[in-house]
Colleague: 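Input: one structure, supplied below.
Order of appearance sets the numbers: ligands from 1, and atoms from 1 within every ligand. Fair warning: this is a prediction, and the values are worked out from it, not measured in the lab.
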Amino acid sequence: MKFVSTRSGIVPTSLDVALAAGLASDGGLYVPEQIPQCSLRHAGATLADTATAVLAPWFAESKLQSSLAELCADAFDFPAPLRPLSSPGDHLLELFHGPTAAFKDYAARFLAGCLSRLRDPAASASTTILVATSGDTGAAVGAAFHRRDGFKVAILYPDGRVSPRQAHGLGCFGDNVRAYRVDGSFDDCQHMVKQALTNAELRARVPLGSANSISLGRLLPQTAYYAHAALEFRARHGVPLNFIIPTGNLGNALACWLAKRIGLPIGGIVLASNANDVLPRYFNGDDYAPRATIATLANAMDVGAPSNFERLRWWHRDDAELRGSMRAFSVDDATLRDTIRRAPDRHGVVPCPHTAIGLEVLEQLRTDGDIRPWAVVATAHPAKFETIVEPLVGHAVEPPPALATALARPATSTPLEAHSKALCSVLLQE
Ligand SMILES: *Cc1c(COP(=O)(O)O)cnc(C)c1O
């Protein structure tokens, strides 16, 4: 299987090249020439087994094919339970049981495993993984590459726009992982990373890699937990499972769409956005119009220009077809607060602010008379956002053990101005 760019400016290339590069040299996103089909009829015994089976067609011609089972065993070694909520047909797909308590742990660990194995053992200079984060990506990528031979990590996050615990989680690694607090928004951070990755002169001097959700090494593994949940659900209930996905940069939701497209039993897909409503506006008929980011309580979704939209568009003939493939809703902060406040009574769970947006959308669908089985994707553990969640639910939310360990370590970060030159100069100094 060969991969091309959404901007059509490269010759078809292998998965291994696409994984190592992250972003295509013309600035576009890698996409397969054709989407493979997955013949899997039943979930594997474990999530890792399902992941191996679902990813196999993509890796058929990769150097990593023989390591795929091992890669999946390493990345998918914590569960993704589908927990029934209080009302019949309502579920939570809990993706926050990993080391940094957010769904991004799965894909970050998978990508780190791929890049380690693809690395030329004779290379002397280490590769610096650049990552722009609105909070959780940086921690997941930092954890996945921490003390990995041959790699450094530079994490860029918008200063003051991540929770105190998130900031701590980004700065607590040390060793080969460095956190930069950027005087700007997440979109600025993302722009700086894109500029650096497409700067050939810089890359000739400093080997760079990407780990953002634009990387195929992040997108593809995320199909696994949708596959596993949907196959198990159909085995038990005989019908497809529908998903509501808290969405920012559109990586997680795109993986759900891809899982459906390769043939898995997934019904409806609904994107749940915060007040950054570029996607809901588009799906309701407006032109696609990226805009400046608005800061919200669900900060990991504060994205005004969702990168993966370029892939979604590439995979559809026209706007009408794309708008038919999913729906999207926006939830403002005031509504989100109410949803968190009533979630313990109404649903039997304490959600993080991102997950709460999904729950709110579920409530709206139920009010509109939708009786299908839905799974809201729980993207992070509420203890990561304790300053928001605890006052609303009226009690402390204990961090899970891995998060507690990270919080006990000291943390530091380096200030950085929000322009590409500032990033280039720190990368050249290192
Ligand atoms: C990253 C993140 C999201 C948004 O996921 P995308 O793949 O960027 O759409 C939602 N919730 C949490 C907790 C996140 O960390």
Colleague: Does the side-chain hydrogen bond (donor to acceptor under 3.5 Å, both in side chains) test come out yes or no for T293 and D302, once each step is laid out?
Modeller: CA-CA 6 Å; T293 308; D302 289 349; over 6 Å; no

Colleague: Just to confirm my output: which protein heavy-atom neighbour is closest to atom 5 (O) of ligand 1, and how far is it?
Modeller: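 Here the closest protein heavy atom is F103 CZ, 3.5 Å.
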
Colleague: Please list the nearest protein heavy atom to atom 4 (C) of ligand 1 with its residue and the distance rounded to 0.1 Å.
Modeller: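 Going by distance alone, atom 4 (C) of ligand 1 is nearest to G248 N, 3.6 Å.
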
Colleague: Is it true that D175 and R147 make a salt bridge, defined as a side-chain N closer than 4.0 Å to a carboxylate O?
Modeller: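 A salt bridge links D175 with R147.
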
Colleague: Would you check, one step at a time, whether the test ring-ring contact (aromatic ring centres under 6.0 Å, His included) holds for F329 with F283?
Modeller: CA-CA 9 Å; F329 297 90; F283 281 97; over 10 Å; no

Colleague: Quick one: which ligand 1 atoms are inside 4.0 Å of a heavy atom on D136?
Modeller: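 What qualifies from ligand 1 is 12 (C), 13 (C), 14 (C), 15 (O).
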
Colleague: Could you pull out, from T100, N274, N249, the option with a heavy atom nearest to atom 8 (O) of ligand 1?
Modeller: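 Among T100, N274, N249, the closest heavy atom to atom 8 (O) of ligand 1 belongs to N249.
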
Colleague: Give a yes or no on whether the backbone of P401 and the side-chain of T405 come within a donor-acceptor separation of less than 3.5 Å.
Modeller: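 Yes, the answer is positive, given that a donor and an acceptor are paired below the 3.5 Å cut-off.
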
Colleague: If I apply the N/O under 3.5 Å rule, does G251 come out as touching ligand 1?
Modeller: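 N/O-N/O distance below 3.5 Å exists for this pair.
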
Colleague: Between Y106 and F76, what is the ring plane arrangement, given parallel below 30°, perpendicular above 60°, and tilted in between?
Modeller: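 Aromatic pair Y106/F76 classed parallel.
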
Colleague: Show me which atoms of ligand 1 lie under 4.0 Å from any heavy atom of T247.
Modeller: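 Those qualifying, in numeric order: 9 (O).
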
Colleague: Do H347 side-chain atoms and V349 backbone N/O form a donor-acceptor pair below 3.5 Å?
Modeller: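 Looks like no, no N/O pair under 3.5 Å.
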
Colleague: Do ligand 1 and L250 have nitrogen or oxygen atoms that lie under 3.5 Å from each other?
Modeller: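 Indeed, backbone or side chain, L250 has an N or O that close.
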
Colleague: Verify whether one side chain among D338 and T335 offers a donor that lies under 3.5 Å from an acceptor in the other.
Modeller: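 Result is no, nothing qualifies.
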
Colleague: Can you pull out the closest protein heavy atom to atom 1 (C) of ligand 1? Residue, atom name and distance to 0.1 Å, please.
Modeller: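 The closest heavy atom on the protein side is K104 NZ, 1.4 Å.
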
Colleague: Number the atoms of ligand 1 from 1 as they appear, then name those within less than 4.0 Å of a heavy atom of N252, with their elements.
Modeller: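 Answer, ordered by atom number: 7 (O).
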
Colleague: Any salt bridge between D287 and R281, counting N to O under 4.0 Å?
Modeller: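 So D287 does not pair with R281 through a salt bridge.
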
Colleague: Specify the protein heavy atom at minimum distance from atom 11 (N) of ligand 1: its residue, its atom name, and the distance to 0.1 Å.
Modeller: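 Result: T379 OG1, 2.8 Å.
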
Colleague: May I ask you to list the atoms of ligand 1 that are less than 4.0 angstrom from any heavy atom of M301?
Modeller: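 What qualifies from ligand 1 is 3 (C), 4 (C), 10 (C).
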
